[in-house]
Amino acid sequence: MQPTTRDDVPEGVSTEVAAMLDRANRLGADPTVTNYGGGNCSCKAEVVHPATGEPVTLLYVKGSGGDLGTLRYPGLAVLELGRLRGLDGRYRGVAHEDEMVDLFAYCSFGPGGAAPSIDTPMHGLVEATHVDHLHPDSVIALAAAADGEQLVRECYGDRVRWIPWIRPGWELGRMIAEIVRTQPQVEGVVLGGHGLTTWGTTSEQCEERALRLIREAAEFIERTGRPEPFGPVRDDRRPLPDEQRHQRAAQLAPILRGIAGTDSRVVGHFRDDEVVLDFLSRESLDRLVPLGTSCPDHFLRTKIRPLLLDTAPDAPLEQVTTRLRELHAAYRDEYAAYYHRYADENSPPMRGADPAIVLVPGVGMFSFGADKQTARVAGEFYVNAINVMRGAEAVSTYAPVPESEKFRVEYWELEERKLRRRPKPRALAGRVALVTGGASGIGRATCVALAAQGACVVVADLDLAGAEQVAKELGGPDVARAVHVDVAQEASVRAAVQAACLAFGGIDIVVNNAGLSKSAPLEETTTELWDLQFNVMPRGSFLVSREAAAVLRAQGHGGDIVYIVSKNAVFAGPANIAYSAAKAAQAHQVRLLAAELGADGVRVNGVNPDGVVRGSGIFAGGWGAQRAAVYGVPEEELGRYYAQRTLLKQEVLPEHVAAAVVALVDGSLPLTTGLLVPVDSGVPQAFLR
C-alpha cells in the first residue's frame, strides 16, 4: 500500500486511520463493491486521553449517512472502545436493541465527530483492528438466493460463515464478534439478504480479504451459473433505436416526473445503458420486478418496488399516458396497503406513495429523488439490484428478504432520525430551471442565484463553451447542465428542451434571457438589423415558451416563465427602434401567456432592467459604445451615467436582476402573474401606468 498523502487527518492521529480512510475511498469508488452511502469501514487505534493522560483505544468508524468513496476524517464517528463495549451490560435483547443507539453518543471521544451509525456495534464488538462491511453485487447475489447458505458454503468452504437475515444492530454485532472470537480460520461473514463483513489485523489484510471474497463470488457465479438467467429476450421489449429511444424518453420524462412528484417535488434521472435495457427486454421481468430489491440500502433508496410500464415501447404517447395514470393509481393504492399492513402506533407517518423507479421496456429506467444526486443514486442502486437478481437467478432463484422486513427497515425509527437530521430544503429544491443566454451577464447571474436556492439549472446558450464553464462552476452535472441553443431556430429550441428533460426529468422555471442589442437611428436601421433582434428576442422567447409550456403541462404541477425584458419596453429613447420594439413585443408576450397559461397553474412574469453595464454581455458586445455615443459620455462612465439619472442613484448589476427573478419564482409571490418588475434604480419615465 502506498503511503498516504491525506490532508484531512489531524496531526497526532494514528496512521491506521489514514490507511483506513484510503481503503474506504478505494472500496467506495467501485459501485459493484459498495453502493453510494452504503457500507462501513473502521479501525481501532490507541491514543493518550487528553483528560486523563492514560492510554485509551478509540474506534474510528464511518458516521451515519456518510459515503465511503468520498469519506474524509470529519465524517468519522470516534468513540472510546472500552465504553462502547461496556454497553453490552445494558443490552436487554433484540426487542430493545434500538435503545442502544441512543447510548453511543455517551461513548464519543471529545467534541465533534459524526453521529455513529446503526452498524457501529459490528465494528466495535469485533476483536480486529480493521473491519469492513460492504454491499458487493456478487456477494449479495448469493445472499439473496433461495438457497444462499448452501451457495456460500459451496463458494467459500469454511472460510466464510453465513448469518441469516437480521436487521443491523447490537445483536448482529454480537454474532459476528462471536464468530471472530471462536473461529479464527474464518475470513468473513455473508449476511443473508444484506452484504459482506470482513476484518484484518492490518488495513491491507482487511482490504485484500474483502476484494478476494468479492472476486471469488463473481467467479463462482460465472463458473456455475446459467448463461441467460433472465430468460430469453421478448421481441415486444427490444430497445428502440437510439434516436427514437431518446426522443421517447424526453417525451415520457415530464409525464413520469409529474407522477413521481405527486406527493413532493422530485428531480429525475434517466439511464438506458446496456445493463438496464437488457434486463427490461427479458422474459423474467414481470416476475422479478414485483419482488423488489433485497439489500436494505437498496430498498431505502428505490422503495418497495419499481413501477413497470407494460405498453409497447413505440405505443402512441396518448395511450401510454393513459396507462401510466392507471398504473400509478394502482401503485399508490398498493403502497398504502403495504404501509398499513405493517405500521403500528409507533411507526413514522407514510412518507409518500409514489414510485422512485419507473421501468419502461425498450426505453430505459427513470429514477426520482428530492435532488439530482438522490435521483441518480436511486438509479445506481437499482442497477446494483439488477446485478444481484442476475447473479441469484444464475445459480438459484432470487428470494429477497420478506416484505415485512423491508417495512421494518424502510420505516425504522433510526432511519427516520436520519431524515430529521437533514437540513431544511432550500426554496427551489426539487425544481429545474432553463435559462437562455445563461453563459454571461444577467443570464449567468440568474443561473447562480437559482442554483444557490437549490434549483437544478440548464444553462442554455449559443456559446456552448461558456455555458459549460458556468455549469462546471455551479457544481457539475448534479446541479447544472450546459446545452447549446439558438433560440431563433425551432429545432435547436426543441433539442434544448429535450436535453433538459433527459438531464433532470423536466422543467419548472423558464427564464427567457437570451438577447442582443444593436442601436441605430431610424434611417440607419436595416431590415437585417430589425430581423436579427426580433428573431432572437420576440421569436426566440416565443419558441422557448411554447416548447417549455408543453413540458409544464405534461408535468401537471404548474411552473414559472420569466422574461428578462427592459426599461426600453415602455420608455421611448432615441435611436433604438429595433431593440425597444422587440422588447415591447416581449413585454406583451408576458401578458398574453399569463392569460393563456394561468389555467395550468403557470405564472408568467417579467423583469424590466436598465443600465446593467458591468458584467453585461450586451454592453460588452458594442452596445455600450453605441449608447455612450448617443448620450455623449465616455463608455467607461456609462454605468455611472445611468445611475445618476435614476431616483436611487445606484448602479444596477446583473445580480440585482437575478434577485428579482428568484423573488418571482421562489414562492414569495404565489398569486402574482402578468407582472413586469422594474429593476432600474428608479427611472420615472419607465413607471408602468
Exercise for the section: For salt bridge (charged side-chain N to carboxylate O under 4.0 Å, His left out), just list the numbers for R426 and D371, CA-CA rounded to whole Å, side-chain angles, deciding distance to a tenth of an Å, and then say yes or no. Expected result: CA-CA 11 Å; R426 288 172 288 177; D371 52 41; over 6 Å; no
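Distance check: S367 OG to R376 CZ gives 9.5 Å after rounding to the nearest 0.5 Å.
In this model, no donor atom of one side chain and acceptor atom of the other lie less than 3.5 Å apart for H130 and E207. Between the side chains of Y338 and E410, at least one donor N or O sits under 3.5 Å from an acceptor N or O.
Between Y156 and F220, the gap from one ring centroid to the other reaches at least 6.0 Å.
H133 has its side chain out of reach of P168: every pair of non-hydrogen atoms, C-beta onward, lies at least 4.5 Å apart. Taking the side chain as every heavy atom from C-beta outward, W165 and P400 never approach each other to under 4.5 Å.
Between the side chain of D147 and the main chain of Q150, no donor-acceptor pair closer than 3.5 Å is present. Although no hydrogens or angles enter the test, the distance criterion places no donor-acceptor pair under 3.5 Å between the side chain of T197 and the main chain of V189.
The number of heavy-atom neighbours closer than 6.0 Å to CZ of R212, taken from other residues, nucleotides and ligands shown, is above 12. Within a 6.0 Å sphere centred on CD of E219, other residues, nucleotides and ligands contribute more than 12 heavy atoms.
Under the 6.0 Å distance and 45° angle rule, R390 does not count as a cation-pi partner of F279.
Residues R174 and D88 are paired through a salt bridge, judged by an N-O separation under 4.0 Å between the basic side chain and the carboxylate.
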